[in-house]
Protein chains: 2
Amino acid sequence: MGISERKEREKGEMKKMITTAAMKMFLEDGYAKTSIRNIADSIEYSPGTIYLYYKDKDELLYEVQGQAFLQLLEAFKKNATSKDPIKRLEQLGKTYVSFGLENPELYDLMFIIRAPMNVDDELHKDNGAESFYYLVDCLGECMKNGLLIFKDHMQAALQVWSMMHGLVSLNLRCRLKVMVMGEESIQPILFKAVEEYLDSIRV
Amino acid sequence: MGISERKEREKGEMKKMITTAAMKMFLEDGYAKTSIRNIADSIEYSPGTIYLYYKDKDELLYEVQGQAFLQLLEAFKKNATSKDPIKRLEQLGKTYVSFGLENPELYDLMFIIRAPMNVDDELHKDNGAESFYYLVDCLGECMKNGLLIFKDHMQAALQVWSMMHGLVSLNLRCRLKVMVMGEESIQPILFKAVEEYLDSIRV
DNA sequence: TGGATTTACTGAACACCATTCAGTATATTT
DNA sequence: AAATATACTGAATGGTGTTCAGTAAATCCA
């Protein structure tokens, strides 16, 4: 009986169609300004249809977040390739910062917008986990070889991630204007910060 | 002619009444869930009246942000009192982290919610500037005495603030759940991070 | 094959939202 | 006392997320 398989497949295609349109519009106009009606319009279905595939707008956001984290993971896999774990850590940091600078709307979706994960804690496993473990692995390898000042693995991950996220998110919220007066591109400044920071945590 | 003075005063009182109600409701229900109608109701005026005092909801948010930064500044003044600039830097960091943990909704308003400053750059001078210069001063004093590893003042401020903001905001968005498994209170963990980080940037 | 049933979708309706503005009532000035 | 300026109202406009009775097509079962 191939019918139910086809139905399943069609359901998946429809979900993908919705999330693809949603992602596109979230990035172009921002999450808040994208309405269910707009999304429905753009895929030429009625608003009600979207609710047959997603419980609410938050669930749609959650799905798009998942894709965004996949993109970050891809960027990690592509750029953080060095055999030397210390060098790789720097690649990770710079990839992270670049990702945030180049995809500000995406970064917003992933980290800044209040997402449904606040509600349904354990239902879904965290979207960001896989990218995060990429960092944890790298840190673990550095620490195994005694290359970092940290004693505790969790503290290491916490501090490194906080620094990277802090650099990106302060910048995205324009708080850096307070200090960065000139018109120089922000990227070299943040890269310098990454380099200096990583130097400061080496033994 | 005392009439125009009284009018001025009454206008100020009305603005304060609105922002006070708005702040209260933003903190209780969040910015998104607080409507102009609700605020108007709570102060027993019509919605239209609020628009006689504030251009739109964003301007109201901006005003509330200003108050929030004042609160942070007060916390700094109260807690960061040590003569030793290094010790004071630690007090600043812990005050910052505590502030974020104890007032999550306020912290959201200040840093995370997309605020009108994105639009009217130069019109208002930045709300957070004064609190920020408190940190800059402290860092300057440390560096003047050669106590920190930084060579550039801007990089110092950027990195320290990013770390503090990263610690707080990752936590507020529950991203730390990925790594902090246990039920232990989050505060000691973040304090430890602050201590370790500040140790790592000392000469 | 033909009637019953399930599935997919619609779009109007509901209860909200931010914002505007003609109208009104009070206070001030002339 | 009349004219003007000020402060406020609340209905109206054009949006929002979400629901749900109704419809039409696809599938199932006799």
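Residue numbers start from 1 in every chain, and the chains themselves are labelled A, B, ... in the order their sequence lines are given, proteins ahead of strands.
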Ser46(A) side-chain N/O to dG11(C) phosphate OP1/OP2 under 4.0 Å: no

Nearest-Å distance for atom pair CG/P, residues Leu61(B) and dA18(C): 13 Å

Aromatic plane relationship, Tyr197(B) with Tyr197(A) - under 30° parallel, 30 to 60° tilted, over 60° perpendicular: tilted

Distance in angstrom units between Ile18(B) CD1 and dC8(D) P, rounded: 9 Å

Protein-nucleotide distance (Ile50(B), atom CD1; dG10(D), atom P), rounded to Å: 14 Å

Sugar-phosphate, base or nothing in reach of Thr49(B), heavy atoms under 4.0 Å: base

Value in whole Å for how far the P atom of dG17(D) lies from CE of Met25(A): 10 Å

Glu10(B) atom CD: more than 12 heavy-atom contacts under 6.0 Å: yes

Rounded distance in Å - OH (Tyr53(A)) to P (dT7(C)): 12 Å

Whole-Å gap separating C1' (dT18(D)) and CD (Glu59(A)): 14 Å

Geometric cation-pi criterion Lys57(B) and Tyr31(B), 6.0 Å radius, 45° cone: yes

Selection from dC17(C), dC8(D), dG17(D) that lies nearest to any side-chain heavy atom of Leu52(B): dC8(D)

Leu101(B) side, atom CG; Leu172(B) side, atom CG - distance, nearest 0.5 Å: 7.0 Å

Donor-acceptor pair under 3.5 Å, Arg37(A) side chain vs dG15(D) base: no

Atom-pair distance (NZ on Lys55(B); P on dT19(C)), nearest Å: 8 Å

Residue mapping more 5' on DNA chain C - nearest nucleotide basis, Lys7(B) or Ala32(B): Ala32(B)

Length of the line joining Leu60(B):CG and dT19(C):P, which is rounded to integer Å: 10 Å

Enclosure of Glu44(A) CD (heavy-atom neighbours >12, cutoff 6.0 Å): no

Side-chain N or O of Asn38(A) closer than 4.0 Å to phosphate OP1/OP2 of dT16(D): yes

From dA18(C), dT19(D), dC9(C), nucleotide with atom closest to Met14(A) side chain: dC9(C)

